[in-house]
Protein chains: 2
Amino acid sequence: MSPEHTETAPNLVERLRHAGLRPTRQRVALANILFSSGHRHVTAESLHDEAVSAGVPVSLATIYNTLHQFTDAKLLSQVVVDATRTYFDTNTNDHHHFYCEDDSSLIDIEGEHIAVSGVPTPPKGSKVDRVDVIVRLRRH
Amino acid sequence: MSPEHTETAPNLVERLRHAGLRPTRQRVALANILFSSGHRHVTAESLHDEAVSAGVPVSLATIYNTLHQFTDAKLLSQVVVDATRTYFDTNTNDHHHFYCEDDSSLIDIEGEHIAVSGVPTPPKGSKVDRVDVIVRLRRH
DNA sequence: ATTTGTGCAAATCGTTTGCATCTGA
DNA sequence: TCAGATGCAAACGATTTGCACAAAT
């Protein structure tokens, strides 16, 4: 078989195992879609469409389960920019986003580029978990 | 009557008028709740509960309408921190937020305190509309 | 064999909408 | 008067859940 067909990327299977997730057919297929080509931003629905188009008929419920499991396992990060849609990002490094309100698209901004200074001390009893910067864009 | 009872703050009526909104019973009552005591963060539901408790039986639909009208009129700003809930903030100045994931609470960080540097040039055809910084907190 | 994942359809949650009724200028 | 607001209930879209079935170890 040509590598394209066998391209189930064995390292993905390992990656799932390390994350404590059984490498099931669906999870491997979704991991393959998500992690095979650079960083990506998806919604549950867009990933579902993509999987179905790719001949992997997963149900939407499984997509949601999988996205959350991957997020818990730190394979994905969740990006909250829009109250109506949840985005997942395959880039789990410290980084930020441009969000274009006109077409609801996300663009990564690598962490090194942006510096946030002057964050006040958090209230007693809490610690900073993460700092999200969203640069909202409009067409002009 | 004591000032507490007459506290329909006539300036609120003016404020609504200036925003092009008819000062109806409900709008004035909600504006009164929102703008009478320092800056506040509310959700549609929390404001609804509060209004009802205060003896102003508005419907939830009207709460949503009003929150959006106030937002369009720049009397409120919308804060997107949580995919499941929409928050509205009576502080419409440039500022940022602490968001405590444990109890879903918001705390303002005044704009002067935080500086964001190194934002890359936005893609051709778009301009920066707003930069949101969310400092996510966890109990430790 | 046992545990864990999956699919489906129904349930849920926050939010929006349609429409008849009311109200402020 | 009459455009604009409101309330209600139904519609909605995204997400979640319950449960019977299927697959992985």
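Chain letters run A, B, ... following the sequence lines, proteins first and then strands; every chain starts at 1.
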Please state how far atom [atom1] in [X] lies from atom [atom2] in [N], giving the value in whole angstrom units.
| X | N | atom1 | atom2 | value |
| --- | --- | --- | --- | --- |
| B:R85 | D:dT15 | CZ | P | 15 Å |
| A:L47 | D:dA14 | CG | P | 15 Å |
| A:R27 | D:dA23 | CZ | C1' | 11 Å |
| A:D82 | D:dG13 | CG | C1' | 13 Å |
| B:L16 | D:dG4 | CG | P | 17 Å |
| A:R22 | D:dT25 | CZ | P | 6 Å |

Sugar-phosphate, base or nothing in reach of B:T43, heavy atoms under 4.0 Å: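 Since no nucleic acid heavy atom lies under 4.0 Å of B:T43, the category is nothing.
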
Can you tell me which residue pairs pass the salt bridge (Lys or Arg N to Asp or Glu O under 4.0 Å) test with a partner in residues 23-43 of chain B, sequence neighbours excluded?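 Every salt bridge (Lys or Arg N to Asp or Glu O under 4.0 Å) pair that includes a residue of residues 23-43 of chain B, provided the two are not neighbours, is B:R40-B:E50.
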
Does any N or O in the side chain of [X] come within less than 3.5 Å of the main-chain N or O of [Y], such that one atom is a donor and the other an acceptor?
| X | Y | answer |
| --- | --- | --- |
| A:S126 | A:P123 | yes |
| B:T71 | B:L67 | yes |
| B:H95 | B:N93 | yes |
| B:R136 | B:V81 | yes |

If you take any heavy atom closer than 4.0 Å to DNA chain C, which residues from residues 58-74 of chain B end up in contact?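 Residues of residues 58-74 of chain B under 4.0 Å from DNA chain C: B:L60, B:A61, B:Y64, B:H68.
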
Looking at D:dG13, I'd like to know if its phosphate oxygens (OP1 or OP2) sit under 4.0 Å from a side-chain N or O belonging to A:T84.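 No, no such contact exists.
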
Is the phosphate of D:dT6, meaning OP1 or OP2, less than 4.0 Å from a side-chain N or O of B:R25?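 No, because none of the side-chain N or O atoms of B:R25 sits under 4.0 Å from OP1 or OP2 of D:dT6.
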
Option from A:N91, A:L34, A:T66 for which side-chain contact (heavy atoms from CB on, under 4.5 Å) with A:L76 holds: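 Only one option passes, and that is A:L34.
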
Is a side-chain donor-acceptor pair under 3.5 Å present for A:D108 with A:H97?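 The answer is yes; a qualifying pair exists.
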
Contact nearer the 5' end of DNA chain D, comparing B:A83 with B:P57: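 Result: B:P57.
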
Opening and closing nucleotides of DNA chain C in contact with chain B, under 4.0 Å to non-hydrogen atoms: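 It runs C:dG14 to C:dA25.
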
Establish whether B:L16 and B:Y64 are linked, either directly or via other cluster members, by ILVMFWY side-chain heavy-atom contacts under 4.5 Å.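 Both belong to a single hydrophobic cluster.
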
Can you confirm if the aromatic rings of B:Y99 and B:H41 lie within a centre distance of less than 6.0 Å?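 Ring centroids of B:H41 and B:Y99 are no less than 6.0 Å from each other.
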
